[in-house]
Number of protein chains: 2
Amino acid sequence: MQSETIENYLKTIYHLSGGNGTIVNNKQLADKLNVIPATVTEAVKKLHDLKFVIYEKSYGTRLTALGSKTALSIVRRHRIWETYLANELGFGWDEVHEIAEELEHIKNDKLIRKLSEKLGNPSFDPHGDPIPDEKGKIQKSNFIKLSEAKVKYNCKIMGVTDHSTAFLKYLEKHELIIGASISIKIIEEFDNSIVLVCQKKEVSISPKAAESIIVEAL
Amino acid sequence: MQSETIENYLKTIYHLSGGNGTIVNNKQLADKLNVIPATVTEAVKKLHDLKFVIYEKSYGTRLTALGSKTALSIVRRHRIWETYLANELGFGWDEVHEIAEELEHIKNDKLIRKLSEKLGNPSFDPHGDPIPDEKGKIQKSNFIKLSEAKVKYNCKIMGVTDHSTAFLKYLEKHELIIGASISIKIIEEFDNSIVLVCQKKEVSISPKAAESIIVEAL
DNA sequence: TTATTATTTTTGGTTAGCCAAAAACATTAT
DNA sequence: ATAATGTTTTTGGCTAACCAAAAATAATAA
Ligand SMILES: [Mn+2]
Ligand SMILES: [Mn+2]
Ligand SMILES: [Mn+2]
Ligand SMILES: [Mn+2]
């Protein structure tokens with residue numbers, strides 16, 4: 001079985017490559033995993049030997065089919081746990097990521113299946129991220145970034161791409177939570193800030209924040 | 001924070017010493033932890049340096065107050081998870097131990113508190129073992145081994161001391177589950193086997209099995 | 001008490017994961 | 001094209017956990 005370290009590498013490569021097989025470089029991995037690039041060099045060599053990635057010296061690393069499948073199963077475990085912690089145990093969406101970061105490494109298929117069933121086999125986690133199914137298939141959506149929405153659009157908040165506590169707390173304060181309906185009132189010409197209505201209240205959102213909010217245009 | 005290895009040592013020392021501060025020797029630990037005695041020697045030296053145990057060379061090891069407190073919190077996590085897996089996710093009592101063996105190492109007090117609350121702060125796990133509270137206090141009971149029960153006793157099954165799948169499956173087959181009411185019909189003179197009635201059916205139990213069943217005499 | 005057996009410790013060695021510093025490559029700017 | 005900068009690799013070294021084999025202790029049997 002893979003170690004926790006290997007699993008964290010695979011998951012990180014998966015995320016950095018944006019889900020498709022894009023090449024990832026050592027610096028990016030080193031930054032995300034809080035190790036120095038020399039450590040990454042060693043690690044990706046090993047992952048290559050284990051057939052999880054193709055590592056081309058001084059160039060970069062990409063997942064093989066095996067690596068991709070493995071990464072997806074870790075992502076699945078992570079997001080099932082996040083959903084479980086939020087929906088069944090009442091944790092806030094800003095708290096679940098950290099705990100899931102540990103729980104994701106428990107390798108027991110039956111456990112994940114039972115959790116998933118209890119949750120009604122959800123396709124999205126509390127941040128709106130898709131949960132791969134047992135085969136690794138991800139339900140794809142036609143969601144857009146809030147920053148791409150136009151004036152007068154009516155949208156539903158489906159997720160966030162920034163998982164920081166600060167950001168999530170900020171959203172909560174304005175009741176900008178998953179599932180909330182919003183309508184775009186104004187997009188300021190000079191700075192692209194967005195004025196929208198949510199729960200009958202007007203809120204102004206910076207373009208930076210709008211970049212991190214995922215919505216479905218209705 | 002303590003590593004998983006250290007936690008497993010502490011928990012094992014706790015169990016081998018029977019909960020009180022009895023001295024444990026290297027051979028016992030080596031057997032339980034599936035390592036060789038030389039490895040244990042190194043480990044207990046380290047645990048001593050960390051103030052978790054008192055290790056006396058060539059003699060044995062016992063938990064300090066700190067070690068005991070730490071061990072108790074691991075036991076608590078283990079048993080809360082076991083209860084959760086059994087009661088909320090529908091795992092069999094023969095399946096929960098193995099999974100809890102991993103889950104017990106997730107150190108998040110809030111998580112354990114939430115799980116415990118959801119379960120109604122139980123005092124006993126699916127095997128009838130007591131769950132220490134946050135302070136490490138164990139609710140003590142006046143349970144006896146079934147092998148100590150006398151003829152005509154009416155009892156309630158409260159736990160088991162053998163957690164093997166084989167044994168638990170055997171009990172299930174005879175509907176000898178936690179909470180079941182039984183009455184002792186006969187205790188055979190020549191081999192101490194016990195004939196009892198459970199769910200209106202007569203069952204004969206070997207003295208070895210009776211040693212591993214914990215009951216409350218009513 | 002001496003011999004035998006069991007347990008414990010010491011010593012030397014391994015592997016996984018990490019870092020620091022220096023050297024080798026690549027990329028970008030001038 | 002050359003210099004400056006950024007990235008990657010190499011080399012040497014570290015710690016936590018493990019094992020094997022040999023030496024030292026302790027416990028038990030003769
Ligand atoms: Mn992780
Ligand atoms: Mn998520
Ligand atoms: Mn464990
Ligand atoms: Mn138990």
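Numbered from 1 within each chain, the chains take letters A, B, ... in sequence-line order. No hydrogens, no waters, no symmetry mates; every other heavy atom, side chains included, goes into these values.
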I'd like to know if B:Glu102 pairs up with A:Lys107 as an ion pair, taking the criterion as any Lys NZ or Arg NE/NH1/NH2 lying under 4.0 Å from an Asp or Glu carboxylate oxygen. no
Is any NZ, NE, NH1 or NH2 atom of the basic residue among A:Asp94 and A:Lys169 found under 4.0 Å from an Asp or Glu carboxylate oxygen of the other? yes
Salt-bridge contact A:Lys27-A:Asp31 (side-chain N to carboxylate O under 4.0 Å): yes
Testing the 3.5 Å rule here: is there a donor-acceptor pair between the side chains of A:Asn8 and A:His105? yes
Hey, is B:Glu7 close enough to B:Arg77 for a salt bridge, meaning N to O under 4.0 Å? yes
Near DNA chain C, which residues from residues 24-31 of chain B have a heavy atom under 4.0 Å away? B:Asn25, B:Asn26, B:Lys27
Which of residues 34-49 of chain A have a heavy atom under 4.0 Å from DNA chain D? A:Pro37, A:Ala38, A:Thr41, A:Lys45
Quick one: is B:Lys57 getting a side-chain N or O under 4.0 Å of the D:dA26 phosphate, OP1 or OP2? no
Do the side-chain N or O atoms of B:Tyr55 get closer than 4.0 angstrom to the phosphate oxygens (OP1, OP2) of C:dT9? yes
With no hydrogens and no angle check, do the side chains of A:His127 and A:Asp162 hold a donor and an acceptor under 3.5 Å apart? no
Would you mind reporting whether B:Thr41 and B:Tyr55 have side-chain heavy atoms less than 4.5 Å apart? yes
Ignoring hydrogens and angles, state whether a donor on the side chain of A:Trp93 or A:Glu172 is under 3.5 Å from an acceptor on the partner side chain. yes
Using a 3.5 Å distance criterion without hydrogens, assess whether the side chain of A:Ser17 forms a donor-acceptor pair with backbone atoms of A:Val24. no
Atom CD of A:Glu98: over 12 foreign heavy atoms under 6.0 Å: no
Within residues 2-10 of chain B, find the residues that approach DNA chain C with a heavy atom at under 4.0 Å, and present them sorted by residue number. none
